[in-house]
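Notes follow once the structure below has been shown.
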Amino acid sequence: MAGKKAAALPRKEYERELLRLQTELVKLQEWVRASGTRLVVVFEGRDAAGKGGTIKRVAEHLNPRVARIAALPKPTERERTQWYFQRYVEHLPAAGEIVLFDRSWYNRAGVEHVMGFCTKEEHQLFLRQCPIFERMLVEAGVLLRKYWFSVSDTEQQERFRRRLEDPLRRWKLSPMDLESITHWEAYSRAKDAMMVHTDISEAPWYVVESDDKRRARLNMIAHLLSSVPYHEVPPPVLELPERPASTGYERPPRDLQTYVPDHAASL
């Protein structure tokens with residue numbers, strides 16, 4: 001049963017807790033690196049549900065050599081002839097790495113199925129094979145976490161409207177995104193079928209209520225941290241060396257190089 005909508009989280013409170021959680025994410029990253037763990041985090045949900053913003057906050061202070069974002073474009077003609085999961089396998093982590101999937105193999109359960117980009121048989125095959133594929137990952141030692149960002153139809157509509165009016169965010173909208181509005185119930189049925197087949201004990205789905213983006217980000221990150229048995233890894237002892245004495249080097253004259261104009265001085 002739906003509860004009463006929580007009050008909006010104050011920005012100062014949100015930023016304070018976000019910083020604390022991001023500090024813990026850095027500790028998690030160092031544990032992953034030191035222990036040789038392979039961590040996969042799948043972000044799924046409706047368009048404008050807040051996945052991208054959450055991924056940005058998760059990765060903000062992490063080392064891109066350890067934690068990377070996989071946001072695959074539409075498949076090439078060659079990739080369309082491969083085993084469906086093949087192109088995603090190429091992006092799985094090696095030891096000591098984290099991969100954040102900004103959408104994933106679940107494209108077949110959602111947009112491909114609803115918009116007719118795959119056949120009914122391909123969709124059914126996916127629903128049968130996906131739990132097997134994910135069990136194989138878990139059995140091989142991969143830590144797999146799957147998050148579904150749930151947004152209401154009215155909130156999604158409002159976010160689409162704001163993106164249309166904002167020149168800095170309009171790029172986030174595609175004709176496919178807008179078309180999803182007219183397929184709301186079809187996407188709902190597709191998500192329900194996906195959950196029935198792929199919400200398995202080895203790799204369960206975790207639903208993130210995301211009408212409030214700030215709460216969604218904090219809730220998702222806190223849950224991820226609580227689900228991984230990481231611990232703080234002592235950092236290496238580093239000391240800043242003394243700068244050696246000059247040996248006579250002189251910087252070339254400024255007029256021999258091209259400098260960027262001082263735009264800031266005109267403000």
Side-chain angles (χ1 to χ4, degrees), residues 18-45 47-76 78-79 82-112 130 133-134 136-149 169 171-172 174 198 202-203 205-206 208 210 213 216-233 235-236:
L18 178 61
L19 180 59
R20 187 189 73 81
L21 292 174
Q22 289 176 325
T23 302
E24 289 300 312
L25 283 171
V26 173
K27 296 177 185 178
L28 169 65
Q29 166 196 264
E30 290 308 294
W31 172 81
V32 165
R33 182 189 55 78
S35 64
T37 298
R38 292 168 291 168
L39 175 59
V40 171
V41 187
V42 168
F43 294 79
E44 290 287 347
D47 297 317
K51 301 180 297 299
T54 304
I55 293 171
K56 180 179 179 181
R57 272 68 182 185
V58 170
E60 188 172 5
H61 299 290
L62 300 184
N63 183 345
R65 293 185 177 88
V66 176
R68 67 179 185 274
I69 300 169
L72 277 61
K74 66 180 183 179
T76 64
R78 181 177 182 274
E79 287 172 334
Q82 296 175 342
W83 176 49
Y84 177 71
F85 295 95
Q86 186 169 337
R87 74 187 191 117
Y88 295 100
V89 169
E90 296 178 2
H91 295 271
L92 292 174
E97 294 180 350
I98 302 170
V99 176
L100 312 173
F101 276 96
D102 186 356
R103 295 201 179 277
S104 65
W105 45 90
Y106 282 100
N107 278 337
R108 177 138 295 179
V111 64
E112 290 190 18
C130 185
F133 172 66
E134 292 182 351
M136 290 174 64
L137 295 180
V138 175
E139 288 174 1
V142 173
L143 296 184
L144 176 59
R145 301 294 182 266
K146 304 185 307 192
Y147 292 96
W148 177 269
F149 284 71
R169 295 192 294 170
W171 63 267
K172 292 185 176 183
S174 70
T198 65
E202 297 89 342
W205 276 105
Y206 297 104
V208 181
S210 61
K213 289 184 177 181
R217 293 165 185 166
L218 298 183
N219 292 341
M220 179 269 150
I221 297 172
H223 180 272
L224 174 64
L225 291 167
S226 71
S227 75
V228 178
Y230 75 99
H231 57 80
E232 187 168 0
V233 176

Taking Trp205 as the fixed residue, which of Tyr147, Phe149, Phe43, Tyr106 is the one that meets the ring-ring contact (aromatic ring centres under 6.0 Å, His included) rule? Tyr106

Can you give me the closest heavy-atom contact between Leu25 and Leu62, atom names plus distance? O-CD2, 3.6 Å

Closest heavy-atom pair and its distance - Gln22, Arg57: NE2-O, 2.9 Å

By the definition side chain to side chain contact (heavy atoms under 4.5 Å, CB included), identify the one residue from Thr23, Thr37, Leu39 that meets it with Leu28. Leu39

Could you check, using the six-membered ring where one of them is a Trp, whether Trp148 and Tyr206 have ring centers closer than 6.0 angstrom? no

Go through the steps for Lys27 and Leu225 under the test side chain to side chain contact (heavy atoms under 4.5 Å, CB included), then give the verdict. CA-CA 10 Å; Lys27 296 177 185 178; Leu225 291 167; over 6 Å; no

Are any of the side-chain nitrogens in Glu134 or Lys146 under 4.0 Å away from the carboxylate oxygens of its partner? yes

Regarding Glu24 and Tyr230, do their side chains bring together a donor and an acceptor under 3.5 Å, going by distance alone? yes

Distance in Å, Thr54 OG1 paired with Asp102 CG, rounded so as to fall on 0.5 Å steps: 10.0 Å

Give a yes or no on this: more than 12 heavy atoms of other residues, nucleotides or ligands lie within 6.0 Å of atom CH2 of Trp171. no

Under 4.0 Å between a side-chain nitrogen and a carboxylate oxygen: does that hold for Glu97 and Arg38? no

Do Tyr88 and Phe101 have side chains that approach each other closer than 4.5 Å (heavy atoms only, starting at C-beta)? yes

